[in-house]
**Q** 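Handing you a structure now.
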There are 2 protein chains.
Amino acid sequence: MKKEITIYDIAENVGLSPTTVSRALSNHPRVHVTTRKKIMDAAKLLGYQSNIFASSLRKRRSKSIGVIVPKLNSPFQSSVLAGMEKIASQSGYNLVISQSMESLEKEISNTNIMYNSRVDGLLVSKAGTTDNIEHFQSFFNKEIPVLFFDRVPENNHSTGVVINNTQAIYDATAHLIKEGCKRIIHAVGNLQINVYADRLKGYKYALMDHGFVFNAENVISIELDEDSGERIVKKILNLSPRPDGLLVSNDTSAASCLMALKKRGIRVPQDIAIVGFNNDLISRMVEPNLSTINYPSYHMGEVAMKNLVNHLGDEQHEILQKTNTITLRSELIIRDSSKRHT
Amino acid sequence: MKKEITIYDIAENVGLSPTTVSRALSNHPRVHVTTRKKIMDAAKLLGYQSNIFASSLRKRRSKSIGVIVPKLNSPFQSSVLAGMEKIASQSGYNLVISQSMESLEKEISNTNIMYNSRVDGLLVSKAGTTDNIEHFQSFFNKEIPVLFFDRVPENNHSTGVVINNTQAIYDATAHLIKEGCKRIIHAVGNLQINVYADRLKGYKYALMDHGFVFNAENVISIELDEDSGERIVKKILNLSPRPDGLLVSNDTSAASCLMALKKRGIRVPQDIAIVGFNNDLISRMVEPNLSTINYPSYHMGEVAMKNLVNHLGDEQHEILQKTNTITLRSELIIRDSSKRHT
DNA sequence: AATTGCTTTGAAATCGGTTGCATCCATCTA
DNA sequence: TAGATGGATGCAACCGATTTCAAAGCAATT
């Protein structure tokens with residue numbers, strides 16, 4: 001039960017006031033260099049550790065940033081988080097992380113906890129069922145910046161960091177058309193989520209632009225998990241004429257589809273060409289390698305965090321006010337799963 | 001710039017003292033039910049949010065738990081974190097997460113930040129280069145519990161949550177021997193890390209117990225990343241006689257090896273049988289499916305966090321003192337990559 | 001010598017919730 | 001009826017760092 005060392009102990013030790021000690025420790029310019037040095041030395045000697053609560057209570061800032069993601073255990077999210085942590089750590093911010101489990105209820109609860117923890121800023125990727133952003137109102141009221149990434153709400157005034165999902169799937173669709181596909185299936189997640197809704201748009205636009213007729217039967221909205229391949233493939237094989245192109249909105253599910261197809265002796269890409277999404281590790285490990293959209297997840301984490309941190313450092317709080325959306329570059333990577341011409 | 005609502009505002013509102021308000025809000029028994037109700041209602045009405053800093057400052061507890069992992073973007077770690085977050089959230093704890101990037105220096109810095117942030121407990125999976133635990137001394141001194149998981153330090157008195165790595169690789173090795181492998185390569189990570197050192201032991205013991213002679217040439221210590229397959233396979237193919245069994249200490253690398261082998265026309269499992277480690281998604285998606293060790297990562301996160309939380313709730317602080325190591329069940333999963341008999 | 005201006009330092013209030021001790025009042029016991 | 005018992009509530013002192021305002025020290029200028 002060692003006693004806690006405070007600035008008062010240091011003050012006593014060096015024969016100065018706590019005020020001066022406080023200033024010296026926070027590199028305030030109005031302390032003589034010699035004094036500062038003496039205080040610094042004493043602090044180190046005594047093993048002083050600043051009490052973050054006292055400091056935060058007084059300064060009304062926590063030097064921590066909250067992050068709410070739908071699920072922690074996804075290759076995409078963990079990569080985003082890694083990028084965020086890198087920047088936050090460099091800038092002296094702590095990361096308080098929680099997951100909404102795709103539930104609006106839990107997202108609200110997490111948001112309140114974050115508010116209560118007095119985070120200086122919040123980074124959010126929405127849960128699937130979240131269709132409003134009322135629960136962030138307390139943040140807006142207190143002008144605590146909230147920045148959305150990947151899954152951003154519609155029609156809002158907060159800043160978002162995204163990729164152009166519409167364009168990405170447009171390109172992928174156009175690619176499949178160019179490869180000679182006549183009937184292209186789009187397997188997509190929950191259409192309440194902007195990400196998937198935008199992708200569906202891209203798919204429709206591309207069809208339209210290439211003289212194809214959109215057919216709702218060709219869109220499968222389904223949870224894109226590890227086992228989704230079987231379900232998707234079953235649906236596909238019931239269709240007539242049989243589809244020859246498949247756009248799957250994440251690589252895990254695309255890989256799962258690939259397995260399900262191969263199990264049935266259907267050749268990829270000869271019988272059905274596949275394009276995934278995310279450029280996860282798995283897209284490079286299955287056979288044939290999956291064509292996919294490179295989603296710069298790590299970079300997205302970095303960019304989102306950098307913007308938030310810059311905003312917090314900016315006294316006028318102008319950075320985010322002036323920015324509405326930051327769109328990162330994504331690109332189609334063509335691999336063997338969709339190459340039908342040699 | 002809304003004014004902050006404090007217990008003093010509530011006190012004034014209901015005509016009671018801040019003391020009673022504080023007690024009512026924290027469900028102290030010495031407040032009359034009627035009074036409590038009145039206070040609760042006023043709090044809700046005024047939109048009161050407890051100031052966690054003031055509370056933590058006084059109570060000297062933060063209701064947050066620090067987690068330090070080597071890298072956030074790994075399937076294993078993100079799954080562990082997901083398990084931890086679930087339990088922490090249920091128990092009312094916040095998670096402050098940082099990554100050491102496999103660097104001792106950063107681990108030390110992170111540890112100090114965590115200490116400074118006054119986390120109530122710390123969960124750590126060591127960085128590769130960490131060979132001592134001096135930097136946790138401040139935690140030990142103040143009796144703040146530190147619990148290690150997966151990568152635990154040697155010879156220490158802290159609690160660790162692990163699997164039996166030795167046994168796991170022992171089983172895998174024995175399995176390959178039973179499948180008729182005559183020369184088994186063990187591709188393993190940094191041997192400074194207990195996890196890999198233990199696995200090497202298991203490999204050696206199994207060889208010994210089955211009348212094989214250990215040969216240092218058969219052990220490849222290498223970073224087990226996505227590209228490691230090429231490097232491992234090159235080494236293997238230079239050996240004579242050519243190995244016919246390959247134990248790779250994580251699935252990412254095992255999948256990478258599989259690709260490198262297939263590229264060279266070497267058949268798996270006929271020419272070389274492979275066993276991976278972790279039971280990551282990828283082991284079920286490559287062809288042939290990888291035999292692997294099921295590592296209960298999500299469960300490990302839950303168990304580690306549960307123990308820490310129970311310990312914190314236990315006034316006598318006896319739980320962790322009495323426990324040294326918690327070993328979770330892991331198991332060999334045999335899939336096609338190592339089945340040589342039908 | 002007196003005034004001005006600058007740098008360096010300090011006293012004291014403050015952030016908001018918690019808690020040891022005291023007080024008040026109603027009920028109960030002898 | 002006096003005194004004891006106990007539940008409900010309040011006073012005031014914390015927890016430790018920050019910050020406003022002011023004062024003190026010192027040199028330069030008039």
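Residue numbers start from 1 in every chain, and the chains themselves are labelled A, B, ... in the order their sequence lines are given, proteins ahead of strands.
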**Q** Compare the minimum distances between each of C:dT9, D:dG10, D:dG16 and the side chain of A:T6, then state the nucleotide with the smallest one.
**A**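 Nucleotide nearest to A:T6's side chain: D:dG16.
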
**Q** Please classify the nucleic acid contact of A:S55 as base, sugar-phosphate, or nothing, using heavy-atom distances under 4.0 Å.
**A**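 Result for A:S55 = sugar-phosphate.
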
**Q** Measure from the side chain of B:H32, starting at C-beta and using heavy atoms only, and say which of D:dG10, D:dT9, D:dC15 lies closest.
**A**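 My answer, after comparing the listed nucleotides, is D:dT9.
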
**Q** In whole Å, I'd like the distance from the CG atom of B:N27 to the C1' atom of C:dG17.
**A**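 Going from B:N27 (CG) to C:dG17 (C1'), I get 15 Å.
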
**Q** Rounding to an integer number of Å, can you tell me how far A:L25 CG sits from D:dG16 P?
**A**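 The answer, rounded to whole Å, is 15 Å.
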
**Q** Counting any heavy atom closer than 4.0 Å, what does A:T35 reach on the DNA or RNA strands: base, sugar-phosphate only, or nothing?
**A**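 Here A:T35 touches the backbone only, sparing every base.
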
**Q** May I ask you to check whether B:S100 and B:N110 show a side-chain donor-acceptor distance below 3.5 Å?
**A**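 Checked: B:S100/B:N110 side chains show no N/O donor-acceptor pair below 3.5 Å.
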
**Q** On DNA chain D, does the nearest nucleotide to A:R30 precede the nearest nucleotide to A:A54 from the 5' side, or the other way round? Give the residue.
**A**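 Nearer the 5' end of the strand: A:A54.
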
**Q** Which part of the nucleic acid does B:T19 contact within heavy-atom distance under 4.0 Å: base, sugar-phosphate only, or nothing?
**A**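 The residue B:T19 makes base contact.
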
**Q** Between B:S50 and A:P18, just flag the one whose closest nucleotide in DNA chain C comes earlier from the 5' side.
**A**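 Nearest-nucleotide comparison on DNA chain C picks A:P18.
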
**Q** Is it true that atom CD of B:E105 has more than 12 heavy atoms of other residues, nucleotides or ligands lying nearer than 6.0 Å?
**A**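 No.
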
**Q** With no hydrogens and no angle check, do the side chains of B:S117 and A:N94 hold a donor and an acceptor under 3.5 Å apart?
**A**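 Looking only at side-chain atoms, A:N94 and B:S117 do form a donor-acceptor pair, the distance falling under 3.5 Å.
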
**Q** Starting at atom CD of B:Q49, determine the distance to atom P of C:dG16, rounded to an integer number of angstrom.
**A**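 It works out to 14 Å between those atoms.
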
**Q** Reckon B:R60 touches a base, only the sugar-phosphate, or nothing at all at heavy-atom distances under 4.0 Å?
**A**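 Sugar-phosphate: the residue B:R60, judged by heavy atoms under 4.0 Å, touches backbone atoms but no base.
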
**Q** In the structure I gave you, are the side-chain heavy atoms of A:R118 and A:K142 within less than 4.5 Å of one another anywhere?
**A**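 A:R118 reaches A:K142 side chain to side chain.
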
**Q** Can you tell me the distance, in whole Å, between the NE2 atom of B:H28 and the P atom of C:dG17?
**A**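 Nearest whole value for this atom pair: 17 Å.
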
**Q** Output the rounded distance in Å from CD1 (B:I10) to P (D:dG10).
**A**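 In whole Å, D:dG10 P lies 14 Å from B:I10 CD1.
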
**Q** Could you state the CD-P distance from B:E12 to C:dG16, rounded to the nearest angstrom?
**A**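 From B:E12 CD to C:dG16 P: 14 Å.
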
**Q** Could you tell me whether the phosphate oxygens of C:dT9, OP1 or OP2, come under 4.0 Å of any side-chain nitrogen or oxygen in A:S17?
**A**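 No, because none of the side-chain N or O atoms of A:S17 sits under 4.0 Å from OP1 or OP2 of C:dT9.
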
**Q** For a quick check, tell me whether the side chain of A:R58 and the base of C:dT14 share a donor-acceptor pair closer than 3.5 Å.
**A**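 Answer yes: a donor N or O sits under 3.5 Å from an acceptor.
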
**Q** Using heavy-atom distances to pick each residue's nearest nucleotide on DNA chain C, tell me which of B:R23 and B:F53 is more 5'.
**A**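 Counting from the 5' end, the first nearest nucleotide belongs to B:F53.
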
**Q** By the 4.0 Å heavy-atom rule, please label B:S22 as base, sugar-phosphate, or nothing.
**A**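 Since a base atom lies under 4.0 Å of B:S22, the category is base.
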
**Q** Is A:L16 touching bases, backbone alone, or none of the nucleic acid, heavy atoms closer than 4.0 Å?
**A**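 Sugar-phosphate: the residue A:L16, judged by heavy atoms under 4.0 Å, touches backbone atoms but no base.
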
**Q** Specify the separation, in whole Å, of atom NZ of A:K59 and atom P of D:dT19.
**A**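 A:K59 atom NZ is separated from D:dT19 atom P by 7 Å.
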
**Q** Assess whether a salt bridge exists between A:E107 and A:K126, defined as any Lys/Arg side-chain N lying under 4.0 Å from an Asp/Glu carboxylate O.
**A**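 No salt bridge links A:E107 with A:K126.
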
**Q** Would you mind reading off the distance between A:I7 atom CD1 and C:dC15 atom C1', rounded to a whole angstrom?
**A**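 Result: 14 Å.
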
**Q** Looking at every strand, decide which applies to B:Y8 at a 4.0 Å heavy-atom threshold: base, sugar-phosphate, or nothing.
**A**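 Result for B:Y8 = base.
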
**Q** Taking the six-membered ring for Trp and the full ring for Phe, Tyr or His, determine whether the centres of B:F148 and B:F136 are under 6.0 Å apart.
**A**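 Ring centres of B:F136 and B:F148 closer than 6.0 Å.
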
